[in-house]
Amino acid sequence: MTPDLLAELLGAPPAPWGSWAGEAVYGSPAAFRAASGRPPREVAAEIAERLREHRGIQEVRVRPDGLLLIAVTAPGEVAGEIVRKGPPEIREPAALAPDFPRTWDNPGFVVRYAYARAAAVRRWARALGVPEEGFRPEALDDPRERAVLRLLAELPSRMTSRDPAWGTYAGQLALAYHDAHEHCPAVPWGDRPAGDVHTARLRLAAAVQAVLAAVVAPALPERL
């Protein structure tokens, strides 16, 4: 279950809730919009009952104030959807800071380097025969990968914001991807065969690359 599919069920895209380290949860104020004078919690309970019937939804909780908390079974589907459909068109992407100095304090470098790393993963994967097909979203279960997925899942709700802060978002996504890239290898080491996890991490790299390219300007380099 992805943010776009949840938006169709809720009337507006939900926003990721919590860290996603152990559970991937979206928060939605749909009950407040649909209340029409009724208690939001009562309306939320009705919406929750309908949501529980849908595949990909693990659990729906209703807070006392009526906010819906929706746990999904496979957060990795976010990356698959971005690669399949492409990220939405950003009318006013953020102006990226210069490339130099190339330090972790410079968001211009951090974002460019993350994009280049994601591009490199795709080159290495082709060279090593990592399959592009057979993506299993549940393979992206490391907390560092989930941190990247959580940020990717913010995209639809940020699109509806008056101030999406694309520059800040790009920096956060880039840093999370650096962490995942360094601790969750996207290509097999040595003589080990490529597995489902490598195909999944290849899909994650492609999603990150696509989103970074969409939210910042100018065009990002595939090599640094």
Side-chain angles (χ1 to χ4, degrees), residues 1-28 30 47-48 50-61 68-90 114 118 121-122 125 130-160 164 169-170 172-174 176-177 179-181 183-187 194-215:
M1 184 63 69
T2 65
D4 286 349
L5 290 175
L6 285 171
E8 293 177 9
L9 299 173
L10 296 166
W17 188 269
S19 70
W20 280 30
E23 183 182 44
V25 177
Y26 293 92
S28 171
I47 295 173
R50 294 196 297 269
L51 290 174
R52 293 186 184 107
E53 298 174 357
H54 290 271
R55 181 185 177 190
I57 294 178
Q58 177 177 311
E59 182 183 8
V60 184
R61 300 186 291 271
L68 289 157
L69 297 179
I70 306 155
V72 299
T73 57
E77 290 179 347
V78 174
E81 182 175 67
I82 289 171
V83 174
R84 183 174 64 254
K85 296 171 58 177
E89 182 178 352
I90 309 298
V121 160
R122 302 179 73 183
V130 176
E132 293 190 14
E133 302 302 321
F135 170 57
R136 292 179 56 246
E138 62 272 19
L140 296 171
D141 61 357
D142 185 277
R144 300 173 186 89
E145 295 165 333
R146 281 175 170 256
V148 178
L149 293 169
R150 188 199 181 285
L151 284 159
L152 292 174
E154 285 185 20
L155 197 59
S157 57
R158 279 184 180 264
M159 289 288 296
T160 66
Y169 172 72
Q172 292 171 344
L173 178 59
Y177 183 67
D179 196 28
H181 178 85
H183 294 92
C184 307
V187 293
D196 290 343
V197 70
H198 301 109
T199 296
R201 289 170 180 172
L202 174 59
R203 194 66 55 96
L204 184 66
V208 169
Q209 192 178 12
V211 170
L212 289 178
V215 303

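Each residue takes its place number in the sequence, starting with 1. These values consider heavy atoms only, across backbone and side chains, with no hydrogens, waters or symmetry-generated copies.
- Between atom CZ of residue Arg201 and atom CZ of residue Phe135 there is a gap of 12.0 Å, rounded to the nearest 0.5 Å.
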Inset, instruction - Decide yes or no on side-chain contact (heavy atoms from CB on, under 4.5 Å) for Leu68 and Val60, but give the supporting numbers first. - result: CA-CA 7 Å; Leu68 289 157; Val60 184; 3.9 Å; yes
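- Within 6.0 Å of CD on Glu59 lie more than 12 heavy atoms contributed by other residues, nucleotides or ligands.
- The structure places CD of Glu77 at 8.0 Å from CE of Met1, a figure rounded to the nearest 0.5 Å.
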Inset, instruction - Could you please spell out the steps behind the side-chain contact (heavy atoms from CB on, under 4.5 Å) verdict for Met159 and Ile90? - result: CA-CA 8 Å; Met159 289 288 296; Ile90 309 298; 3.3 Å; yes
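- Across every non-hydrogen atom of Leu155 and Pro88, the tightest pair is CD2-CD, 3.5 Å.
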Inset, instruction - Begin with the C-alpha distance, continue with both residues' side-chain angles, and end with the deciding distance and a verdict on side chain to side chain donor-acceptor pair (under 3.5 Å) for Glu81 and Thr2. - result: CA-CA 8 Å; Glu81 182 175 67; Thr2 65; 2.9 Å; yes
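- Of the inter-residue distances, the one linking Asp179 atom CG with Cys184 atom SG reads 7.5 Å to the nearest 0.5 angstrom.
- His54 contributes no side-chain N or O that, together with a main-chain N or O of Leu51, makes up a donor-acceptor pair within less than 3.5 Å.
- Taking the charged nitrogens against the carboxylate oxygens, Glu145 and Arg203 have no contact shorter than 4.0 Å, which rules out a salt bridge.
- No side-chain donor-acceptor contact under 3.5 Å links Trp20 to the backbone of Leu149.
- Residues Val78 and Pro3 are in side-chain contact: their nearest non-hydrogen atoms beyond the backbone lie under 4.5 Å apart.
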Inset, instruction - Evaluate the criterion side-chain contact (heavy atoms from CB on, under 4.5 Å) for residue pair Tyr177 and Val121; output intermediate values, then yes/no. - result: CA-CA 12 Å; Tyr177 183 67; Val121 160; 3.7 Å; yes
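- Here Arg52 pairs with Glu49 under the salt bridge (Lys or Arg N to Asp or Glu O under 4.0 Å) rule; sequence neighbours left out.
- Between the CZ atom of Arg150 and the CG atom of Leu152 there is a distance of 11.5 Å, given to the nearest 0.5 Å.
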